[in-house]
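Here is the structure we will look at.
Throughout, residue positions are numbered sequentially from 1 according to the sequence presented.
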Amino acid sequence: MVKICCIGAGYVGGPTMAVIALKCPSIEVAVVDISAARIAAWNGDELPIYEPVSTSADVERHVSEADIVFVSVNTPTKTRGLGAGKAADLTYWESAARMIADVSKSDKIVVEKSTVPVKTAEAIEKILTHNCNAVNFQVLSNPEFLAEGTAVQDLLRPDRVLIGGRETAAGRKAVDALKDVYARWVPADRIVTTNLWSAELTKLAANAFLAQRISSVNAISALCEATGADVSEVAAAVGMDGRIGPKFLTAGVGFGGSCFQKDILNLVYICERHGLHEPAAYWKQVIEVNDYQKRRFVTRVVSSMFNTVSGKKVAVLGFAFKKDTGDSRETPAIDVCKGLLADGAAVCVYDPQVTEDQIRQDLAAVGEPMRQVGVARDAYEAAGGAHAICILTEWDEFKALDYRRIFDGMQKPAFLFDGRNVVDGGELRRIGFIVYSIGKPLDPWLRGMPAVA
């Protein structure tokens with residue numbers, strides 16, 4: 001029986017192994033993690049997936065016994081040293097590689113599942129071969145293309161599975177072995193094989209392209225507000241072009257999540273290291289436009305409310321970086337709250353999935369005073385007595401709120417700033433709200449007010 005072990009039981013490792021276990025009953029699958037709490041959670045009663053996956057904190061035993069070892073560990077942006085603020089921190093990856101070398105007594109295929117810089121496989125190969133001379137290793141790149149909230153469906157019906165390996169006999173044999181695993185449920189024409197470096201770069205490029213589309217439509221949203229155009233109409237018409245398509249053309253307060261910014265910064269760093277300064281500047285601009293969009297939103301809020309929010313309650317509806325997830329990593333809500341708090345606002349946050357502890361932790365991490373931060377149990381509590389509402393996550397429930405009830409309980413004039421274009425601005429104006437929707441024709445109240453700081 002083939003044995004697969006995955007190091008890392010996070011957003012990628014756990015679901016990926018669960019689907020492999022479901023589709024490949026003849027393969028023994030184990031997920032290991034040094035975090036006992038994370039393993040306990042996976043072994044708990046409330047899981048989205050129930051498959052025959054062994055989850056364990058006994059990392060070394062399962063790695064030693066495995067034929068194929070997936071490595072799905074965190075690769076955050078470096079915070080200090082060479083490349084700080086841009087380069088990927090491969091500390092966890094290096095640690096995993098050294099452990100694999102130490103415990104391995106049989107030949108293994110080591111699979112990069114984490115998002116890593118180009119040429120990481122070469123460094124991993126050196127660590128493995130220099131620390132374990134009696135064992136043969138083949139390193140493959142098999143990047144994930146999962147979206148949070150739809151990860152299992154993305155795994156069951158992937159657009160593509162990408163496998164990169166060395167262009168040697170041993171490398172091709174290893175690629176074929178991993179292809180055989182995915183071929184149990186993925187059509188052959190969706191399993192793409194490349195060399196190692198192409199696979200590693202594809203993941204960074206894919207996220208950069210997606211983020212670029214968001215920044216592109218957000219840049220157009222600013223122009224729409226200045227000219228009276230409607231960004232939703234523009235994006236819909238542009239997206240009808242078969243060469244462009246409609247996906248990722250929804251204007252908003254900015255992109256977030258654990259991947260887009262981290263991977264673009266990594267791409268920028270790699271370009272700079274190779275002396276490619278113009279490409280580096282191009283990709284850096286995607287992040288700069290994203291930051292601009294968040295600043296622009298805060299400026300709209302403050303300038304609309306008589307140029308100050310000091311001492312005013314602002315309800316923030318939504319803290320996750322997108323709907324259907326509790327993930328707040330790099331969420332635009334952090335920067336928006338930071339801007340409002342810096343101007344003296346009292347911010348009250350409601351999100352149906354992000355915990356109060358996480359909200360407070362995220363805001364404390366950027367140095368904001370917690371005495372100005374409240375966390376509500378529902379949208380009505382958050383908006384009670386508020387001068388303004390900011391919608392920062394496109395949760396479906398925000399479309400169905402009783403806005404008449406909310407309006408009646410707010411200070412007047414009552415402002416609503418829709419950072420995700422989820423509500424009917426015309427209907428809310430009829431109730432009495434002063435409404436700002438990103439990229440939409442401006443409310444008469446807002447015309448002539450500064451759009452940027």
Review point. How are the rings of Phe398 and Tyr350 set to each other: parallel, tilted or perpendicular (split at 30° and 60°)?
Key: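 Ring orientation of Phe398 relative to Tyr350: perpendicular.
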Do [X] and [Y] pair up side chain to side chain, a donor and an acceptor below 3.5 Å, judged on atom types alone?
X      : Y      : answer
Gln358 : Asp362 : yes
Arg420 : Thr250 : no
Arg184 : Ser26  : yes

Are [X] and [Y] close enough for a salt bridge, meaning some N to O gap below 4.0 Å?
X      : Y      : result
Lys294 : Asp335 : yes
Lys323 : Asp396 : yes
Asp67  : Lys3   : no
Lys399 : Glu394 : no

Counting only heavy atoms from other residues, nucleotides and ligands, does the tally under 6.0 Å from [atom1] of [X] exceed 12?
X      : atom1 : value
Glu397 : CD    : yes
Met370 : CE    : yes
Tyr92  : OH    : no

**Study point:** Nearest heavy atoms of Val175 and Gly164, plus distance in Å
**Key:**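 That closest heavy-atom pairing would be CG2-C, 4.4 Å.
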Check your understanding: Just by distance, do the side chain of Asp230 and the backbone of Lys440 share a donor-acceptor pair under 3.5 Å?
Key ->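 Side chain of Asp230 to backbone of Lys440: no pair is present.
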Considering only heavy atoms from C-beta outward, does the side chain of [X] approach that of [Y] to under 4.5 Å?
X      : Y      : result
Arg329 : Lys262 : no
Leu249 : Ile214 : no
Phe297 : Cys390 : yes

